[in-house]
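Input: a single structure, listed below in structure tokens.
Atoms within each ligand, like the ligands themselves, are counted from 1 in listed order. Fair warning: this is a prediction, and the values are worked out from it, not measured in the lab.
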Amino acid sequence: MKKYLAAGVSAAAALLLAACGSGQVGQSGSGDSAPGNKNLVLIPGVQAEPFYISMQCGAQAEARKLGYTLTTQAPQQFDAALQTEKVNALGSNPPAGLLIAPTDDTAMLAPIQQVANRGTKIVQVDTSLKDSSVAVSSISSDNTQGGQLAADTLARLAGGRSGSVLVLDTKAGTSTTAARAAGFTGQLKKYPNLKALDVQFTNNEPEQAAAKVTAALAANPDLVGIFATNLNTGEGAATGLRNAGRTGQVNLAGFDASPSEVEGLRNGEYQALIAQDPGAIGQQGVDQAVNALEGKPVTAKITAGLNSITKANMDANSQYFYKQSC
Ligand code: T6T
């Protein structure tokens, strides 16, 4: 089931330092990657979100195992300006390694480059920049393949019915969800009975996703499926369908496996989830940063596994459910 397309991957992390407890230190590094600097920092896309929490859990455990400390500095919203503040705050006291999920594939380059210029080893986890040369390693799911998997799943669920399908993306400039949306719409062309509507952006806000679903249902009475490219869009889509009394009539395929999505799969709000392995992304992110710091071979690009989960197989796949705390 679980396949690593390029190399092995392992555990991971996000924030909620208090919840995850232990392991973190202040920004007391010796600066400029000085010998003996064993501090790593993780800057995820946003705080208190199960994908990144799971990533942090894996990263923190791996850092501890390898004799490093890992601190998480998370922006309050999935927003490049807020994430830039976190990156800039590393300031004159840079960590030896920075694991970061850039929230904008272009705008985040300059601040990350500044940190790299001070000697910090950069590892991209999950999302990536268009120009990834600043990073020693980049680790993510095969998001294109995830979108294709979602298209195949919705086509199977449609069972030959004809109709239109809505794709909900997050924010322009988010590398992962853009790849999922593109993978989905490309693959859907293989099913002549299904027509993809124009991709809608939701700003990664559940309320906006719900509103897009309400509007799509009104404008497209033949809507048979929705692909929600991440957790918040899925949550909003489920709300939109519920509000319209269309839960289960319009199939919903979501990405990720947060506790609320898993619950939604169990109670019929979702028909399928494409789960990532954020713990593995975080663990491998630490491994690659440490390899770079210790002069060992570094793998430039690593692809983590994906798992398609349905109500029928969910209990056998609970290891892929995301965490709320470590
Ligand atoms: O889907 C994940 C992540 O892969 C994506 O880049 C942003 O959204 C999530 O964090 C889920 O909310």
Side-chain angles (χ1 to χ4, degrees), residues 9 12-16 42-59 72 74-80 82-83 99-105 107-108 124-130 132 138-147 149-150 167-184 201-209 227-238 253-262 264 270 272-282 284-285 302-309 320-324:
V9 177
L15 77 119
L16 281 199
L42 169 65
I43 301 187
V46 66
Q47 69 174 6
E49 194 259 62
F51 174 82
Y52 296 116
I53 292 170
S54 304
M55 184 188 286
Q56 179 187 348
C57 297
T72 300
Q76 284 193 334
Q77 286 166 31
F78 194 93
D79 177 89
L82 295 179
Q83 193 178 45
L99 277 65
I100 185 161
T103 48
D104 186 292
D105 60 14
M108 290 311 300
Q124 297 185 115
V125 280
D126 180 46
T127 40
S128 56
L129 298 162
K130 275 194 179 133
S132 288
S138 303
I139 300 140
S140 74
S141 306
D142 185 335
N143 290 292
T144 306
Q145 187 197 46
L149 203 52
V167 182
L168 295 173
D169 197 348
T170 57
K171 280 185 167 184
T174 307
S175 63
T176 48
T177 57
R180 292 168 202 169
F184 183 92
F201 287 90
T202 63
N203 215 23
N204 204 28
E205 297 289 346
E207 298 74 20
Q208 292 191 30
F227 173 43
T229 57
N230 82 341
L231 198 159
N232 278 359
T233 53
E235 205 176 305
F255 221 91
D256 297 304
S258 69
S260 68
E261 289 178 290
V262 167
Y270 292 82
L273 293 175
I274 311 294
Q276 305 188 75
D277 195 348
I281 294 173
Q284 193 68 14
I302 294 175
T303 305
L306 290 171
N307 294 281
S308 177
I309 301 179
Y320 302 118
F321 299 171
Y322 299 178
K323 297 177 178 173
Q324 206 72 265

Item to check | Residues that F227 engages under ring pair (Phe, Tyr, Trp, His ring centres under 6.0 Å), provided they are two or more places apart | outcome: F184
Checklist entry - Using a threshold of 4.0 angstrom between heavy atoms of the protein and any atom of ligand 1, which residues qualify? => result E49, F51, Y52, D126, T127, T176, R180, N230, L231, D256, Q276
Item to check | Test item: S140 side-chain N/O and T127 main-chain N/O as donor-acceptor pair under 3.5 Å | outcome: no
Checklist entry - Is it true that a side-chain atom of Q124 and a backbone atom of L129 form a donor plus acceptor pair closer than 3.5 Å? => result yes
Checklist entry - By side chain to side chain donor-acceptor pair (under 3.5 Å), which residues pair with T103, not counting sequence neighbours? => result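 Here the qualifying residues are Q83.
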Next on the checklist: Tell me every residue that passes salt bridge (Lys or Arg N to Asp or Glu O under 4.0 Å) with D104, counting only those two or more places apart in sequence or in another chain.
Outcome noted: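 Partners of D104 by the salt bridge (Lys or Arg N to Asp or Glu O under 4.0 Å) criterion come out as none, since no residue qualifies.
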Next on the checklist: Among D79, T233, T170, N230, exactly one meets side chain to side chain donor-acceptor pair (under 3.5 Å) together with N204. Which residue is that?
Outcome noted: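 For N204, the side chain to side chain donor-acceptor pair (under 3.5 Å) test succeeds with only one of D79, T233, T170, N230, which is N230.
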